[in-house]
K.L.:
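Structure incoming, see below.
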Number of protein chains: 2
Amino acid sequence: MTEAQPEGAKKKRGAKKAPPRFSREQADVRRSMLIEAATRCLSVGGIGAFTIDRICKEAGVSRGLINHHFESLDGLLVEVYKSSLYASVNNQIAEAKRRRAEASDWPPEAALAALVRSNFSSEYFSRENLLIWLSLWGEIAVNPRLKAAHRELYDAYRAELAEDIAAVAVRRGRQVDAPAQARNFIALVDGLWLEWCLDESVVTPQAAEAAGFEMLEAQLGTLRDE
Amino acid sequence: MTEAQPEGAKKKRGAKKAPPRFSREQADVRRSMLIEAATRCLSVGGIGAFTIDRICKEAGVSRGLINHHFESLDGLLVEVYKSSLYASVNNQIAEAKRRRAEASDWPPEAALAALVRSNFSSEYFSRENLLIWLSLWGEIAVNPRLKAAHRELYDAYRAELAEDIAAVAVRRGRQVDAPAQARNFIALVDGLWLEWCLDESVVTPQAAEAAGFEMLEAQLGTLRDE
DNA sequence: GCTCTTGTTGTACGAACGTTCAACAAGAGC
DNA sequence: GCTCTTGTTGAACGTTCGTACAACAAGAGC
């Protein structure tokens, strides 16, 4: 056994400066790090792995930090929701709005087709997100704050989709219940994604995209080719 | 404070026979009771309420009983899956098979319509089951035993649905990819059910049923009326 | 009324949970 | 080089978790 050294010993002798035991980060930087680590935990082990211990270990940080930067573990979960679902879906909405605004370049059909396709791009239609989404859905059913955020988000997306559908219907002189079609389309996408995640042999992303187009084309006519 | 009585006192005096402290049940009866109590816990509080303490309290039983009747808490969850999803879906399959066998009374169109409708009956299309299914889905993604059971179950249901679809298509001389239509239909049902559970203002069971019929009728022609 | 089987109880245990908080120290500002 | 702010640590706490197990007793069988 080595003899215990007085605290100041190292400094006095000036041998080696001990490396910093941790690095300080801006509050929002650290929050992002924790949100990302928490998301990783969720995607690997589901809600059962959404734990102070595991998240802090994943982030390489001490146990006290989550409660310093978030009101509670539950507050962190809300932030994970926002940075996962919220952010990505809002991106889709914003892009679709932009396309629809640039009406000169993008005919309504092309804008709708682009929005449909984005649902099946690997960014959203991803098996990695299975446990994240499933865990968050389960929490939405129980957590009023999350439920409110979820409704707001889906309402916005549904409205955008309905507008794109309505634009095509008007141009083609078809009578379509655009809000209902938007709702059904979203249900189909969520359902296909779920089937794919739970059993990848049942459906491919390509087949899923085809199914999405088929549903809308039954009401609107061809969308995929000029 | 009353004086502590010797244990045998009551019996010796023959005053009142203490009522039994518990009742013995057959192993399978008690197992059913525990499965039902566990299911109730799941539906109220999600996977977070799936706990030895809460389930035993819900069942009015002592803490040791779950590990006596099941290999572990996880084993109980598998039984909950079987008695929830497995049993109810297998009922649908069996009924559909029977209808298809009685071909004389049930034309294919009526058999398919009945199968479609059963998806939206209050027994299956129920908000009470939200947390149960969501919790079980989350577990399927993580638990190999459940995953295997899930695939077997969905494969069977998808096959039955595809057979019913194919029967109608053949009779009407239409070219239809029945397995794909069955898969898409199931995805739509699951997605609509999910949307309804998370936000009941978006869709009604009636509208959901209409959406289900619309999807199939786009391929097969009218199914709902003669 | 007695015995025997076995379903049931309830305590004990270690591990892991979320939260709190006093102490610490990194690094900016002077 | 010093001070001061504040991001960070890690021990401590009470609770709840799943499991194990010895003791108990209900009720069938004789």
Side-chain angles (χ1 to χ4, degrees), chain A residues 6-8 10-12 14 16-35 37-38 41-42 45-80 135 139 142-143, chain B residues 7-8 10-12 14 17-35 37-38 41-42 45-80 135 139 142-143:
Chain A
E7 266 304 311
K10 289 171 189 166
K11 285 181 182 175
K12 284 276 174 61
K16 285 170 191 168
K17 203 172 193 173
R21 293 206 286 118
F22 59 90
S23 71
R24 302 168 85 84
E25 303 289 347
Q26 295 273 34
D28 54 343
V29 171
R30 189 65 89 187
R31 282 171 59 93
S32 297
M33 291 173 60
L34 288 170
I35 290 171
C41 287
L42 212 53
I47 199 71
F50 198 85
T51 278
I52 296 269
D53 280 322
R54 302 201 207 183
I55 297 168
C56 287
K57 187 175 180 184
E58 174 70 30
V61 132
S62 77
R63 279 172 52 73
L65 211 50
I66 284 179
N67 287 282
H68 178 73
H69 287 289
F70 301 90
E71 54 186 288
S72 70
L73 186 64
D74 230 57
L76 175 56
L77 185 60
V78 173
E79 296 303 315
V80 168
S135 303
E139 196 65 15
V142 155
N143 184 325
Chain B
E7 266 306 311
K10 288 170 187 166
K11 285 180 180 174
K12 285 277 173 63
K17 203 171 193 173
R21 294 205 285 120
F22 60 89
S23 70
R24 301 169 84 84
E25 304 288 349
Q26 296 273 34
D28 55 343
V29 172
R30 190 64 88 187
R31 282 170 59 94
S32 298
M33 292 173 59
L34 288 170
I35 290 171
C41 287
L42 212 51
I47 200 70
F50 198 86
T51 279
I52 296 271
D53 280 322
R54 301 201 207 183
I55 295 168
C56 288
K57 187 176 180 183
E58 175 69 29
V61 131
S62 77
R63 280 173 50 75
L65 211 49
I66 284 180
N67 286 283
H68 179 72
H69 287 289
F70 301 90
E71 53 185 289
S72 69
L73 186 63
D74 229 58
L76 176 56
L77 185 60
V78 173
E79 296 303 315
V80 168
S135 303
E139 196 63 16
V142 156
N143 184 325

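Computed over heavy atoms, backbone and side chain alike; hydrogens, waters and symmetry mates excluded.
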K.L.:
What string of B, S and - do you get for nucleotides 9-22 of chain C, 5' to 3', when a contact is any protein heavy atom under 4.0 Å?
P.N.:
BB-B----SBBB--
K.L.:
Search all heavy atoms of B:L34 against all heavy atoms of B:A59 and return the closest pair with its distance.
P.N.:
CD2-CB, 4.0 Å
K.L.:
What's the separation between atom OG in B:S32 and atom CD in B:Q26, rounded to the nearest 0.5 Å?
P.N.:
11.5 Å
K.L.:
Are side-chain heavy atoms of B:V78 and B:E139 found at a separation under 4.5 Å?
P.N.:
no
K.L.:
What does B:E25 touch in the nucleic acid at a heavy-atom separation under 4.0 angstrom: a base, only the sugar-phosphate, or nothing?
P.N.:
sugar-phosphate
K.L.:
Taking all atoms of both residues into account, what is the closest heavy-atom pair of B:S62 and B:C56, and its distance?
P.N.:
O-SG, 3.4 Å
K.L.:
Would you sketch DNA chain D in dot-bracket for me? Only Watson-Crick or G-U wobble pairs with both distances under 3.5 Å count, crossing pairs as [ ], other-strand pairs as |, the rest as dots.
P.N.:
||||||||||||||||||||||||||||||
K.L.:
Could you tabulate the donor-acceptor pairs under 3.5 Å formed by side-chain atoms of residues 67-77 of chain B, not counting sequence neighbours?
P.N.:
residue: B:S72; atom: OG; partner: B:D74; partner atom: N; Å: 3.2
residue: B:S72; atom: OG; partner: B:G75; partner atom: N; Å: 3.3
residue: B:D74; atom: OD2; partner: B:N143; partner atom: ND2; Å: 3.2

K.L.:
Just to verify, what does A:R31 make a salt bridge (Lys or Arg N to Asp or Glu O under 4.0 Å) with, not counting sequence neighbours?
P.N.:
A:E79
K.L.:
What's the CG-P distance between B:L34 and D:dG18, to the nearest Å?
P.N.:
14 Å
K.L.:
Just the rounded figure in Å: distance from P of D:dT16 to CD1 of B:I55.
P.N.:
16 Å
K.L.:
Heavy atoms only: give me the nearest A:I35-A:V80 pair and the separation to one decimal.
P.N.:
O-CG2, 4.0 Å
K.L.:
Let me know the distance between CG of B:D28 and C1' of C:dG7, rounded to the nearest Å.
P.N.:
13 Å
K.L.:
Could you list all the side chain to side chain donor-acceptor pair (under 3.5 Å) pairs where at least one residue sits in residues 45-59 of chain A, not counting sequence neighbours?
P.N.:
A:R40-A:E58, A:D53-A:R63
K.L.:
Between B:I47 (CD1) and D:dC17 (C1'), how many Å, whole number?
P.N.:
14 Å
